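In what follows, a single structure is set out as structure tokens and then discussed.
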Amino acid sequence: QVQLVESGGAVVQAGGSLRLSCTASGLDFMMYCMAWFRQAPGKEREFVSVISRNGDGTMYGDSVTGRFTISRDNAKNTVYLEMNNLKPEDTAVYYCAADRSIWYGALPSRYNFDTWGQGTQVTVSS
């Protein structure tokens with residue numbers, strides 16, 4: 001049974017930092033690109049970041065570039081999202097997703113991913 005479990009969501013003040021984790025089971029982790037998306041109330045699910053199978057490639061959405069960093073530890077089947085200088089507009093449920101693509105020619109959309117976690121809430125207070 002394939003499972004992605006996110007953790008690390010919390011309430012934090014603007015300007016603060018958080019690190020999200022997503023641990024995978026039931027799949028060959030090294031064969032998957034791993035991504036983070038987020039969804040705020042009443043909004044579409046938004047791409048945040050993706051990392052290649054071996055970690056040597058990354059992409060970021062415009063709104064998080066320079067503030068967020070994605071990384072992975074294939075020995076632990078875990079992908080991380082380090083979030084710095086958080087803003088109230090970063091408030092959302094953050095989802096981890098997996099895809100077997102080798103890489104992407106452009107920023108991937110949610111439709112590239114068919115395996116999702118349950119999400120973790122991040123709330124940034126002003």
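Remember, predicted model here, so these are calculated numbers, not experimental data.
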Look up atom [atom1] in [X] and atom [atom2] in [Y], then write down how far apart they are to the nearest 0.5 Å.
X	Y	atom1	atom2	value
M59	W103	CE	CH2	5.0 Å
S17	M83	OG	CE	9.0 Å
R67	N84	CZ	CG	9.0 Å
Y94	Q39	OH	CD	12.0 Å

Quiz item: Got a sec: does the CG of D62 have more than 12 other heavy atoms crowding it under 6.0 Å?
Solution: no
Compare all side-chain heavy atoms of [X] with those of [Y] and state whether any distance is below 4.5 angstrom.
X	Y	value
V50	T58	no
T123	V12	no
W116	L4	no
F113	R45	no
W36	C96	yes

Would you check if the side chain of [X] reaches a backbone N or O of [Y] as a donor-acceptor pair within less than 3.5 Å?
X	Y	result
Y60	I70	yes
T120	E6	no
R53	R100	yes
R38	T91	no

Exercise. Please step through side chain to side chain donor-acceptor pair (under 3.5 Å) for the pair N74 and R72, ending with a clear verdict.
Key: CA-CA 6 Å; N74 285 346; R72 66 189 294 163; 2.7 Å; yes
Practice problem: Measure across V122 and G9 and return the closest heavy-atom pair with its distance rounded to 0.1 Å. | Solution: CG2-CA, 4.1 Å
Quiz item: Can you name the closest pair of heavy atoms from A14 and S126 and give their distance?
Solution: CB-CA, 4.3 Å
Exercise. Take V48 and Y95, measure what side chain to side chain contact (heavy atoms under 4.5 Å, CB included) needs, and give me the verdict at the end.
Key: CA-CA 9 Å; V48 174; Y95 296 93; over 6 Å; no
Quiz item: With F47, which residues qualify under ring-ring contact (aromatic ring centres under 6.0 Å, His included), at least two apart?
Solution: F37
Quiz item: So, D99 versus Y104: side-chain donor-acceptor pair below 3.5 Å or not?
Solution: yes
Show me the side-chain donor-acceptor pairs of residues 21-35 shorter than 3.5 Å, one per line, residues at least two apart or across chains.
| from | atom 1 | to | atom 2 | distance (Å) |
| --- | --- | --- | --- | --- |
| T23 | OG1 | T78 | OG1 | 3.1 |

Quiz item: Can S63 and E46 be said to form a side chain to side chain donor-acceptor pair (under 3.5 Å), step by step?
Solution: CA-CA 10 Å; S63 60; E46 175 191 17; 3.2 Å; yes
